Amino acid sequence: MSIEAPVVVEVGLGDRTYDILIGSGLLARAGAEIARRLPGTRAAVVTDANVAAAHLDALKASLETGGIQTAVITLPPGEKTKSFAHLEEVVDGVLAAKLERGDIVIAFGGGVIGDLAGFAAGIVRRGMNFVQIPTSLLAQVDSSVGGKTGINSPRGKNLVGVFHQPKLVLADTGVLDTLPIREFRAGYAELAKYGLIDRPEFFAWLEKNWVQVFAGGPERAQAIAEACRAKADVVARDEFETGDRALLNLGHTFGHALEAATQYDGSRLVHGEGVAIGMALAYRFSSRLNLASPDDAARVEAHLRAVGLPWRIADIPGDLPDAEALLAFITQDKKVSRGALTFILTRGVGQAFIAKDVPASEVLSFLRENHPKESDRR
């Protein structure tokens, strides 16, 4: 099989600068790329059972060719794996393999594995080298880049974690061909997010080319590279989310609350689906506050529907807590500062901004209007 030359996107962080390699066939050269940057190291590969069944043999062969001795830690798939119990399992597995601080933890999976393995790498021996090999679209365009790691708490999503940057990200676009369509769609929500934040031309391009992105042609790699450039630019400016990196949370405050409300049950709602609904809600909320045109909210909803993503709370199967309970999840979110509600809102497609001190009463009223049971009673 011929291996195409990858697209290289640099995340500029001074002496911690690293590359994102994007292209088909990168699993086959993972060992060589890692050994070139981190010679003489050993590795712990953290993965889940689904990814292991499909791709682990190929990665192990590549690492062996690169001279990298490897231990494997295989976890259950799904959002519930982002827990203290599985964090302890990974930490113990790395220590049991007798890996040293200069060795590597490799996250080989989607966003759940990347967040969990990255957190473990950040705390074992007070910080080990870390490489991301994301296998889902969501992870390739978002969670594998930028150093955010963590696990969930029963009180909310990603409330426990550290910033820990990888040494390298290898995004093999070919492995996406084995993703279930639901997972690919969920990742696409994060792709669309970058257009909706501050790249209106990219969103318009996605509206025209999304079918080709799903089909796996050159448009797929083009879209992933554009998303990675967008995130790399923001991370280089604001690594620790003290400023405009918060814009990357468009849709996430609503989305995280909905995930918590479903108790992270992936059969009902996966992260990217929560983000899709959250983005639609953010645009609709912005319209309700007379910040943006209703036409913009309708345009966003139309595109989400076109690609097969959920776009309203009513699209989540099963019963949900009432609006007051959803607001309680929002107030627990880590994007709350000293009790003030902070949302990423918008003045139009590609015009997102950070809105602080959003009145809780406005949010509650909006949630009641959009909650399927409560809106029926109005």
Side-chain angles (χ1 to χ4, degrees), residues 1 3-4 6-7 9 18-31 33-34 43-63 66 68 70 72-82 86 90 104-121 130-146 148-149 166-191 213-216 220-221 223-225 227-228 231 266 270-273 275:
M1 180 184 71
I3 300 176
E4 64 185 45
V7 177
V9 175
Y18 58 92
D19 290 333
I20 310 165
L21 305 187
I22 303 158
S24 184
L26 284 172
L27 273 190
R29 56 192 286 181
E33 295 290 349
I34 294 171
V45 174
V46 183
T47 189
D48 70 39
N50 291 344
V51 173
H55 303 295
L56 182 58
D57 287 346
L59 178 60
K60 287 172 65 177
S62 178
L63 294 173
I68 300 171
T70 304
V72 177
I73 302 166
T74 304
L75 303 174
E79 187 72 25
K80 291 184 178 182
T81 296
K82 282 176 59 172
H86 289 297
V90 174
I104 315 165
V105 175
I106 298 174
F108 186 45
V112 168
I113 291 297
D115 285 0
L116 177 64
F119 187 17
F130 175 42
V131 169
Q132 285 268 21
I133 306 181
T135 60
S136 70
L137 179 59
L138 187 150
Q140 290 190 4
V141 302
D142 191 71
S143 60
S144 68
V145 179
K148 275 189 175 182
T149 73
K167 297 290 186 181
L168 174 68
V169 180
L170 296 171
D172 189 332
T173 57
V175 304
L176 302 181
D177 292 335
T178 64
L179 272 187
I181 186 61
R182 184 185 179 197
E183 292 294 331
F184 193 92
R185 285 193 184 110
Y188 183 89
E190 296 279 5
L191 258 182
V213 174
F214 274 67
R220 178 184 289 179
I224 292 171
C228 287
K231 184 156 190 183
V270 296
H271 176 64
E273 293 169 341
V275 170

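Every value quoted in this text rests on a predicted model; they were computed, and no experiment measured them. Only this structure's heavy atoms are used, side chains among them; waters, hydrogens and symmetry mates stay out.
Side-chain contact check for Val145 versus Ile20: some heavy-atom pair is nearer than 4.5 Å. In this structure, the side chains of Gln140 and Cys228 stay at 4.5 Å or more apart for every pair of heavy atoms. Put simply, the side chain of Glu273 reaches to within 4.5 Å of the side chain of Arg182, judged on heavy atoms. Side-chain contact between Val45 and Leu56: present, with at least one pair of heavy atoms (C-beta onward) separated by less than 4.5 Å. Between Phe184 and Arg220 the shortest side-chain heavy-atom distance falls below 4.5 Å. No side-chain heavy atom of Phe130 sits less than 4.5 Å from a side-chain heavy atom of Ile104.
Screening Ile68, Thr70, Leu168, Leu63 for a side-chain contact (heavy atoms from CB on, under 4.5 Å) involving Ile106 leaves a single residue, Leu63. Of the residues listed (Val131, Leu27, Val72), the one engaging Phe108 in a side-chain contact (heavy atoms from CB on, under 4.5 Å) is Leu27, and it is the only one. The only option from Val169, Leu170, Val7 that meets the side-chain contact (heavy atoms from CB on, under 4.5 Å) definition with Ile22 turns out to be Val7.
Residues Arg29 and Asp172 are not paired through a salt bridge, judged by the lack of any N-O separation under 4.0 Å between the basic side chain and the carboxylate.
Scanning both residues, Ala107 and Ala117, for their nearest heavy atoms gives CB-CB, 3.7 Å. When every heavy atom of Val141 is checked against every heavy atom of Ala227, the shortest pair comes out as CB-CB, 3.9 Å. Heavy atoms only, all atoms of each residue included: Ala30 and Ile133 are closest at CB-CD1, 4.3 Å. Taking each heavy atom of Gln132 and Ser143 in turn, the nearest pair found is NE2-O, 4.0 Å. Closest heavy-atom contact between Val213 and Ala223: CG2-CB, 4.1 Å. Summarising the geometry of Gly272 relative to Ala189, their closest heavy-atom pair is O-CB, 3.3 Å, with the distance given to 0.1 Å.
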| message | Between Ile224 and Leu176, is the side chain to side chain contact (heavy atoms under 4.5 Å, CB included) condition met? List the steps. | response | CA-CA 12 Å; Ile224 292 171; Leu176 302 181; 3.9 Å; yes
| field | Val270 and Glu79: CA distance, side-chain angles, deciding distance, side chain to side chain contact (heavy atoms under 4.5 Å, CB included) verdict | value | CA-CA 8 Å; Val270 296; Glu79 187 72 25; over 6 Å; no
| message | Assess the residue pair Leu116 and Thr81 against the criterion (side chain to side chain contact (heavy atoms under 4.5 Å, CB included)); give the C-alpha distance rounded to whole Å, side-chain angles, the decisive distance to 0.1 Å, and a yes or no. | response | CA-CA 8 Å; Leu116 177 64; Thr81 296; 3.9 Å; yes
| task | Check the pair His55 / Thr178 against side chain to side chain donor-acceptor pair (under 3.5 Å), numbers first and verdict last. | result | CA-CA 10 Å; His55 303 295; Thr178 64; 3.0 Å; yes
| task | Determine, step by step, whether Asn50 and Glu183 satisfy the side chain to side chain contact (heavy atoms under 4.5 Å, CB included) criterion, reporting the C-alpha distance in whole Å, the side-chain angles of both residues, the deciding distance to 0.1 Å, and the verdict. | result | CA-CA 13 Å; Asn50 291 344; Glu183 292 294 331; over 6 Å; no
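Applying the salt bridge (Lys or Arg N to Asp or Glu O under 4.0 Å) definition to pairs two or more places apart or across chains, those involving residues 136-146 are Asp142-Lys193, Asp142-Lys231.
The main-chain N or O of Gly110 is never found under 3.5 Å from a side-chain atom of Ser136 such that the two would form a donor-acceptor pair. With hydrogens and angles ignored, the 3.5 Å screen pairs no side-chain donor or acceptor of Thr47 with any backbone N or O of Thr74.
Atom-to-atom distance recorded for Leu191:CG and Arg185:CZ is 14.5 Å, nearest 0.5 angstrom. Here Lys80 contributes atom NZ and His86 contributes atom NE2; the two are 10.5 Å apart, rounded to the nearest 0.5 Å.
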